[in-house]
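What follows is a set of notes on a single structure, which appears directly below.
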Amino acid sequence: MIRAEGITKIFGPDGQSILPLLEQGMTKDEIQAETGHVVGVRDANFEIEAGEVFCIMGLSGSGKSTLIRCINRLIEPTAGRIFLNDGESGEREITAMDDGELRELRKRDMSMVFQHFALFPHRTVLANTVYGLEIQRRNAEESLQIGRRVLDMVGLGGWEESYPHELSGGMQQRVGLARALATEARVLLMDEPFSALDPLIKVNMQQELVRIQKDLERTILFITHDLDEAMRIGDQIAIMDAGEVVQIGNPEEILINPKTEYVANFVEHADPTGVLTAGTIALRFDEDQFKRVDDSGDLIYYVRRSDPEGARFGVDRDQRLRAVVPAGHRESVELVGLDDIAERAADETSDGGRRDDLALRCDEQAVLRTVLKGRSCSTVPTVVTDADGRLLGIIDEPELIRGILDKKGHGEQADSNGAGVEPASGGESKP
Amino acid sequence: MSELLEFLRQLFTDPFGLLDIPVREWVTDAVNWIVRTFRDFFRSYVSPPVRGVMELFQWALSSVPPLVFLALAYVIAWRAASWRVAAFTVIAFTFIGFMGVWDQMIITLSLIATAVFFCILIGLPIGILCSRSDWFYTVVRPVLDIMQTTPPFVYLIPAVMLFSIGNVPGLIATIIFAMPPMIRLTNLGIRQVETQYIEAAVAFGSTPREILWKVQVPLALPTIMAGINQTIMLSLSMVVIAAIIGAGGLGLEVYAGLERLNIGQAFVGGIAIVLLAMVLDRVTQGLGEKGPASRAKRSE
């Protein structure tokens, strides 16, 4: 949908003259000291798929706001090219557009949500919402209809005739979102939209955005300085440091394999339970970790090498999981999916105790949080299976603890090469 | 040799006697030239619209019966400001009426209305241009300084030469004197609009013209209203001075009173002017504070 190639922005009287210095590999600080120019963004490359939420994360001053403004050219990039492909009119180069084309682009293809809302104080909520439609010169009646519908969607039905200053911060940003959604632009640029909101409202708005996005499937470029926020809503996360994109990946990749110390610092304080998947943290089912103990019957039984007295797992010839026999049991116990256990816990009048005669099954994509929730009702190791029911691995207490504390699974243990990625335990944590 | 000595002596005792810059003659010649060349133009193209607008206002205001006028004044002041201001307005106008200068007050009011009308008509676009072009503002600024600081009496004379005596030259002088705050505050108001609003407007694809009329001007309105308020106050003070060249109304009352050493008459005119000024000030201030843009500002 959007492709950025080598976006560079240098602030100062003659940005072009600095480009060769960048190629020579001078750092941002050196350039600033020698020439007085400020490198806002340095050689940013990324591609955003249609319908994707692409988060750009970094501390203030890392150039993320500059980068997002380069996309709709509120800030003119010094170098680099940006392409938009909406599937209908083919690929267009945003960086080659003249003023008129650029206005058309902003009217129809891209809308924007701002950190401090930037609602027009002299317009009512509804009039703010239809601003973009007004600029598109839509029929007034139709605009108001769309405006009301979008306001309903963001939960502001009934506030149409209020003025922005009569609303709370969270509600104002809902108006900001409504204004951006109303133009029906396929691309939504969101510049730290929830940063100015209270923590509770913020989480609320994130959920709201995810909900709306599920229906509308816009392509969203989302700026934030909060890694948890990025992980909650982002399909892809680009991390920026001093104007450079230092890592791009999905939330889990960033979490388990931070490429630089800067990223590792962020990750250290992130909440992994909503991001890490069962497939990542599970103890892989292979000969290194598991020992064959009994293959006399139809099923082959395995135990964990580090815990030979523990639960036994029975698989058939196709490695499909058929039985789980917890320690101290003779027979296989009931095997329940994670989704079903949540319902069952709600139905049954359980005393909150953990059962030792119930095994849980989940797939690779289940996140750590749901695994933890399931484990609160059972002491038996959780098994991870693929779509065909083949055993992929198990998650027991060591895996859970490792997942929460180290944000790593067994799989990554081998290839994490140590250097630079170890979270600096003594280093000061940035706010 | 003695010539050089003489020169040096004068250089020390009277250096400014060495050269005479004949500004006086230049100005006289220039004004004469302007008057000769443009008098017909001004009298046939500038006078009629000014006079026309003034007569229209005067006709409208004087054809309203006084009681209806009071009722209207009450409603306008109440809607624009508050019931307190409205009450004060009615008391002030009633008092003016009982002092016996109602008709003069109506004339003054129509003179002010005309002056303000032209100040807005000319000042608003110039103010907008100033806000959009630093270059233009640099050129306009000294002109505004001249317009504001020149003693008002000074441009009464060319006004008379161009337009002869009467209400029209008085109005022209008033318009020139009262316009600068309109331009300055329009410019200031638009420049003060926060960049975040401009950025939002640009991000939604607005053209410069749309940004101006949908965002900048509405948000600058409280400041522009302050400019109009200033313009009204200045025209009120100028209208009195304009009586010297034959403008009518309360100013004439004051001027005639002073001329005949009739302190009472001058005082009545003075009190009426003060009351009128207070009413106009409160009502226009109220207007400026009532718009949604300024409401938002207050709540911030």
Side-chain angles (χ1 to χ4, degrees), chain A residues 65 68-69 71-75 97 99-125 127-137 161-167 172 175-176 179-185 187-191 196, chain B residues 79-80 124 127-128 131-134 185-228 284-300:
Chain A
S65 282
I68 201 175
R69 280 170 173 70
I71 302 295
N72 65 352
R73 279 177 61 195
L74 285 179
I75 291 178
M97 289 179 174
D99 283 356
E101 290 172 316
L102 204 52
R103 272 200 293 275
E104 280 305 306
L105 174 89
R106 291 168 181 162
K107 268 190 224 177
R108 317 216 175 263
D109 302 309
M110 282 186 182
S111 57
M112 195 160 180
V113 181
F114 298 88
Q115 179 175 8
H116 298 293
F117 325 137
L119 301 177
F120 302 122
H122 60 292
R123 289 175 158 243
T124 62
V125 165
N128 263 291
T129 307
V130 301
Y131 183 83
L133 300 172
E134 221 174 283
I135 299 300
Q136 289 179 358
R137 300 191 188 282
E161 299 312 319
S162 307
Y163 282 92
H165 71 271
E166 296 165 347
L167 272 55
Q172 290 191 31
V175 181
R179 179 173 65 179
L181 290 174
T183 66
E184 284 160 7
V187 178
L188 210 56
L189 305 177
M190 304 183 84
D191 180 22
Chain B
R79 298 304 303 169
L124 190 70
I128 289 171
S131 72
R132 303 179 74 100
S133 153
D134 286 332
L185 286 164
T186 302
N187 168 58
L188 180 73
I190 291 178
R191 282 176 189 262
Q192 272 180 343
V193 170
E194 284 181 50
T195 48
Q196 59 162 337
Y197 302 127
I198 315 283
E199 190 179 47
V202 173
F204 281 92
S206 319
T207 59
R209 180 181 296 239
E210 284 165 334
I211 296 171
L212 178 68
W213 292 109
K214 287 178 190 288
V215 180
Q216 288 174 308
V217 169
L219 286 176
L221 212 53
T223 314
I224 295 177
M225 280 309 295
I228 294 177
T284 48
Q285 255 181 23
L287 271 181
E289 284 163 13
K290 280 243 161 140
S294 51
R295 261 189 294 160
K297 228 170 229 165
R298 266 209 310 273
S299 69
E300 263 167 22

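Numbers restart at 1 for each chain; the letters A, B, ... are given by sequence-line order, proteins then strands.
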Does B:V202 form a side chain to side chain contact (heavy atoms under 4.5 Å, CB included) with A:R103? I'd like the steps, not just the answer. CA-CA 8 Å; B:V202 173; A:R103 272 200 293 275; over 6 Å; no

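Neither the backbone nor the side chain of A:L105 comes within contact range of chain B; no heavy atoms are under 4.5 Å apart.
B:A200 and A:R179 get closest at one heavy-atom pair: CB-NH2, 4.0 Å.
Chain B forms more heavy-atom pairs under 4.5 Å with one residue of A:R69, A:H116, A:R73 than with any other, namely A:R69. Of the listed residues (A:T183, A:N72, A:L102, A:L119), the greatest number of heavy-atom pairs within a distance under 4.5 Å of chain B belongs to A:L119.
Here the CD-CD distance, from B:E210 to A:E134, works out to 8.5 Å after rounding to the nearest 0.5 Å. With rounding to the nearest 0.5 angstrom, the NZ atom of A:K107 is 7.5 Å from the OG1 atom of B:T207. Once rounded to the nearest 0.5 Å, the distance linking CD of B:E199 with CE of A:M112 reads 5.5 Å. Here the CD1 atom belonging to A:I135 is positioned 8.0 Å from the CD1 atom belonging to B:I211, to the nearest 0.5 angstrom. For the atom pair OH (B:Y197) and CZ (A:F114), the distance works out to 12.0 Å, reported to the nearest 0.5 Å.
Judged by distance alone, with hydrogens and angles left aside, the side-chain atoms of A:H122 form no donor-acceptor pair with the main-chain N or O of B:L221 at under 3.5 Å.
Put simply, the side chain of A:R123 reaches to within 4.5 Å of the side chain of B:K214, judged on heavy atoms. For the pair A:Q136/B:F204, no side-chain contact is recorded, criterion being any heavy-atom separation below 4.5 Å from C-beta on. B:S206 is listed as a side-chain neighbour of A:Y131, based on a closest heavy-atom distance under 4.5 Å.
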